[in-house]
Amino acid sequence: MNLDKEAGLVEAVLFLESEPVTVEVLSNISQLAVDVVEECLEMLKEKYSSENSGVELVMITGGWALTPKKEFWDVLKEKYGNKNEGRLSRSALETLTIIAYKQPITRAEIENIRGVPPDNMIRTLIERQFIKDVGKKDAPGRPTQFGTTKEFLKFFRLNSIADLPKLDEKQEEKFILAR
């Protein structure tokens with residue numbers, strides 16, 4: 001069955017959408033059956049996997065999106081990305097890494113791992129919408145616990161937290177000892 005025209009329609013929807021789109025939403029917009037949309041996505045993934053393509057089809061936060069290939073982003077971000085938008089200080093990145101791998105986690109637990117109070121970094125990460133309050137720990141004082149957000153996943157082009165790189169034994173041990 002030739003689905004070139006249908007794949008073109010799905011491609012156009014992906015091009016016009018600014019956020020990742022689920023298969024169900026693609027099906028609704030394109031008025032194609034879910035299984036047809038899935039086949040079209042496979043065709044498009046293959047199309048964009050060639051070296052002469054500047055974009056790729058990726059799943060981010062449970063939805064599909066057309067994005068520039070990572071290898072081209074350094075050239076493109078100057079014009080198409082806010083210069084400071086992508087930059088996080090080393091301290092903020094360390095704090096974000098701890099939260100991402102150990103969520104839900106409290107300020108005190110982050111401080112035990114980093115060795116310095118994380119207050120400013122937490123404020124920065126909340127402002128950037130990379131982390132949020134995900135509840136209270138069942139402990140004296142009921143401290144706030146933090147976890148990552150959908151914005152975090154989008155920024156790092158991850159479908160879920162499970163897509164984070166695995167920690168090696170030394171890194172994992174550092175997290176365990178600090179708790």
Side-chain angles (χ1 to χ4, degrees), residues 1-88 92-105 122 124-135 145-168 171:
M1 180 170 168
N2 186 347
L3 296 176
D4 289 343
K5 188 173 181 182
E6 290 83 354
L9 176 58
V10 171
E11 181 179 38
V13 172
L14 289 167
F15 177 77
L16 293 170
E17 289 293 326
S18 59
E19 296 290 320
V21 187
T22 64
V23 171
E24 292 76 20
V25 170
L26 285 168
S27 173
N28 287 340
I29 293 171
S30 65
Q31 299 179 353
L32 298 171
V34 168
D35 60 327
V36 172
V37 169
E38 287 171 344
E39 279 188 59
C40 292
L41 289 169
E42 287 303 315
M43 290 173 63
L44 292 171
K45 273 198 282 188
E46 189 174 318
K47 173 183 175 179
Y48 292 126
S49 68
S50 72
E51 278 192 41
N52 68 349
S53 175
V55 295
E56 61 187 339
L57 181 61
V58 294
M59 181 168 274
I60 302 173
T61 66
W64 292 99
L66 288 174
T67 64
K69 285 188 175 175
K70 288 179 186 176
E71 63 202 70
F72 300 130
W73 188 242
D74 281 341
V75 174
L76 300 172
K77 70 181 174 186
E78 186 74 26
K79 171 100 172 129
Y80 297 102
N82 181 336
K83 293 178 193 176
N84 294 321
E85 180 182 42
R87 296 203 176 120
L88 285 175
L93 201 51
E94 282 176 8
T95 304
L96 183 57
T97 300
I98 291 166
I99 294 168
Y101 279 99
K102 294 299 174 187
Q103 60 188 307
I105 189 169
I122 286 175
T124 298
L125 295 170
I126 288 172
E127 286 171 7
R128 295 281 303 270
Q129 298 181 343
F130 286 159
I131 65 168
K132 65 181 179 181
D133 173 338
V134 294
Q145 293 179 307
F146 298 96
T148 56
T149 64
K150 204 171 189 175
E151 284 304 311
F152 165 83
L153 294 174
K154 280 198 272 186
F155 184 83
F156 290 99
R157 299 173 59 158
L158 300 169
N159 188 37
S160 73
I161 287 298
D163 294 337
L164 283 170
K166 301 298 177 223
L167 296 175
D168 64 28
Q171 293 166 323

For residues 62-69, which side-chain N or O atoms pair as donor and acceptor with protein atoms under 3.5 Å away, sequence neighbours left out?
unit_1: T67; atom_1: OG1; unit_2: R157; atom_2: NH2; d: 2.8
unit_1: K69; atom_1: NZ; unit_2: Y48; atom_2: O; d: 3.1
unit_1: K69; atom_1: NZ; unit_2: S50; atom_2: O; d: 2.7
unit_1: K69; atom_1: NZ; unit_2: S53; atom_2: O; d: 3.1

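- Remark: E71 CD to E51 CD distance equals 7.5 Å, nearest 0.5 Å.
- Take F72 and apply the ring pair (Phe, Tyr, Trp, His ring centres under 6.0 Å) test, not counting sequence neighbours, and it matches no residue.
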List the atom pairs, with distances to 0.1 Å, where a side-chain N or O of residues 12-27 and a protein N or O form a donor-acceptor pair under 3.5 Å, not counting sequence neighbours.
unit_1: E19; atom_1: OE1; unit_2: K154; atom_2: NZ; d: 2.3
unit_1: T22; atom_1: OG1; unit_2: V25; atom_2: N; d: 3.2
unit_1: S27; atom_1: OG; unit_2: L32; atom_2: O; d: 2.5

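- Counting all heavy atoms, side chain and backbone alike, F155 lies closest to R128 at CE1-NH2, 3.9 Å.
- Side chain to side chain, E6 and S30 fail the donor-acceptor criterion of an N or O pair below 3.5 Å.
- Residue Q31 places its CD atom among 12 or fewer non-hydrogen atoms of other residues, nucleotides or ligands, all under 6.0 Å distant.
- Interatomic distance, T148 OG1 to L158 CG, rounded to the nearest 0.5 Å: 9.0 Å.
- Here the NZ-CG distance, from K47 to D4, works out to 9.0 Å after rounding to the nearest 0.5 Å.
- Minimum interatomic distance between V134 and F146 (heavy atoms only, all atoms of both residues): CG2-C, 3.7 Å.
- Taking CD1 of I131 as the reference point, atom CD of Q145 lies at 12.5 Å (rounded to 0.5 Å).
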inquiry  = Go through it in stages, so that I can follow the logic: the residues are I161 and L153, the test is side chain to side chain contact (heavy atoms under 4.5 Å, CB included), and I'd like the CA-CA distance, side-chain angles, deciding distance and then a yes or no.
reply    = CA-CA 7 Å; I161 287 298; L153 294 174; 4.1 Å; yes

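- Applying the side chain to side chain contact (heavy atoms under 4.5 Å, CB included) test between F152 and each of L125, I99, L96 identifies L96 as the sole match.
- Taking CG from L57 and CD from E42, the interatomic distance works out to 9.0 Å, rounded to the nearest 0.5 Å.
- When all heavy atoms are compared, the tightest approach of T95 to I122 is CG2-CG1, 4.4 Å.
- With values rounded to the nearest 0.5 angstrom, M43 atom CE is found 10.0 Å from E11 atom CD.
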